[in-house]
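Below is the structure I would like to discuss, written out as structure tokens.
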Amino acid sequence: MPSSEPAAPGALPPRLGREFFDRPAAEVAPDLVGCILLHEGVGGRIVEVERYEQGDAASHSFRGPTPRAAVMFGPPGHAYVYRSYGMHWCMNVVCDGEGTGSAVLVRALEPLYGLERMRARRGGVPNRELCAGPGRLTQALAIDDTLNGAPLLAGPLAVHARPVPVELVSGPRVGISREVERPWRFGLAGSPFVSRPFPGDRTGSRRPSAARARGR
DNA sequence: CAGTGGATGCTCT
DNA sequence: GAGCATCCACTGT
């Protein structure tokens, strides 16, 4: 099962360039699953993302380039970082052509690089929960508003190509109240590191209780 | 394991 | 002033 094999640390594929991000969110979002996100060498494999764009009432770019959403209308290949619920940071990858207001929210990683630093920042939670959520992964990678607008093409933030092929699943986005039916959340099939299971992904993050009771 | 509620501050109406 | 692209602790099965 290729999608369940972890990315091999040490054999890091090339960093992605502008041409990867300069495409519609509909393409970039699923293509980001399986790629490696790093901040100062700490991070892991992207296992869950969501797509947002200007014509989408759930998107911060829906009302145009407001001060908060300005970065979403900037050049692709940059980070859009915003504060969520007054206490968390969430990171997006700006994509598509400049001015389109398209971005992909990174929602969960499979932790692979800098595990000790992540654990220290996250207060010793289980590995599975280190980066299982948009607020959790920014905490683990020390991503905050000082990186809003920062490039991914050079500098401390980087996205690297998929080390191994992946199998995708999709479903409705999480935590929104508008456009709730759009299946714009994408994940790595069978990954235990997603923020919550994908409906219909039988190999998803929660092991069947019968198997769990048997001790595996 | 499901459901609930509190924390906390910014953005936009 | 309302509403969050969330997380955690705590409740009760």
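Chain naming here is simple, since letters A, B, ... match the order of the sequence lines and numbering starts at 1 in each.
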Looking at A/Phe198, is A/Arg185 sitting on its ring face, NZ or CZ under 6.0 Å from the six-membered ring centre and within 45 degrees of the normal?
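Yes; both conditions hold, so A/Arg185 lies above the ring face of A/Phe198.
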Less than 4.5 Å apart, any side-chain heavy atom of A/Gln54 and any of A/Thr100?
no
Of all nucleotides in DNA chain C that come within under 4.0 Å of a heavy atom of chain A, which is furthest toward the 5' end and which toward the 3' end?
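Counting from the 5' end, contacts occupy C/dC4 to C/dC8.
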Would you tell me whether A/Arg121 and A/Gln139 have side-chain atoms, one donor and one acceptor, within less than 3.5 Å of each other?
no
Mind checking A/Ile176 for me? I need base, sugar-phosphate or nothing, with any heavy atom below 4.0 Å counting as a touch.
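Sugar-phosphate, no base atom in range.
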Counting distance only, does the side-chain N/O of A/Arg51 pair as donor-acceptor with the main-chain N or O of A/Trp184 below 3.5 Å?
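Absent.
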Same apolar cluster (I L V M F W Y, side chains within < 4.5 Å links), A/Trp89/A/Val94
no
With A/Arg23 as the cation and A/Phe20 as the aromatic partner, state whether NZ or CZ is under 6.0 Å from the six-membered ring centre and within 45° of the axis.
yes
Tell me whether A/Val93 shares a hydrophobic cluster with A/Ile46, the cluster being built from Ile, Leu, Val, Met, Phe, Trp, Tyr side chains joined at under 4.5 Å.
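Yes.
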A/Tyr85 OH to B/dC12 P, straight-line distance once rounded to whole Å
16 Å
A side-chain contact here means heavy atoms from C-beta on lying under 4.5 Å apart; do A/Val125 and A/Arg136 qualify?
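Side chain of A/Val125 against side chain of A/Arg136, heavy atoms only: no contact under 4.5 Å found.
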Does C/dC8 pair with anything, Watson-Crick or G-U wobble, both distances under 3.5 Å, and if so, with which nucleotide?
B/dG5
I need the residues from residues 135-142 of chain A with at least one non-hydrogen atom less than 4.0 Å from DNA chain C; give them sorted by number, or say none.
A/Gly135, A/Arg136
A/Arg196 has an atom CZ; how far is it from atom C1' of B/dG3, in whole Å?
13 Å
Check every strand shown and say whether A/Arg122 touches a base, only sugar-phosphate, or nothing at a heavy-atom separation below 4.0 Å.
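The answer is sugar-phosphate, as A/Arg122 gets under 4.0 Å only of primed atoms, P, OP1 or OP2.
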What is the distance, to the nearest angstrom, from the CD atom on A/Glu129 to the P atom on B/dC1?
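My rounded result for the distance is 12 Å.
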Under a single-linkage definition using a 4.5 Å side-chain heavy-atom cutoff for Ile, Leu, Val, Met, Phe, Trp and Tyr, are A/Leu147 and A/Leu105 assigned to the same hydrophobic cluster?
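A/Leu147 does not cluster with A/Leu105.
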Ignoring hydrogens and geometry beyond distance, is a side-chain donor-acceptor pair present between A/Ser195 and A/Glu48 at under 3.5 Å?
yes
Strictly below 4.0 Å, heavy-atom distances to any atom of DNA chain C: list the hits from residues 46-69 of chain A, or just say none.
A/Tyr52, A/Ala58, A/His60
Are A/Phe193 and A/Val166 in one and the same hydrophobic cluster, where Ile, Leu, Val, Met, Phe, Trp and Tyr link if side-chain heavy atoms are under 4.5 Å apart?
yes
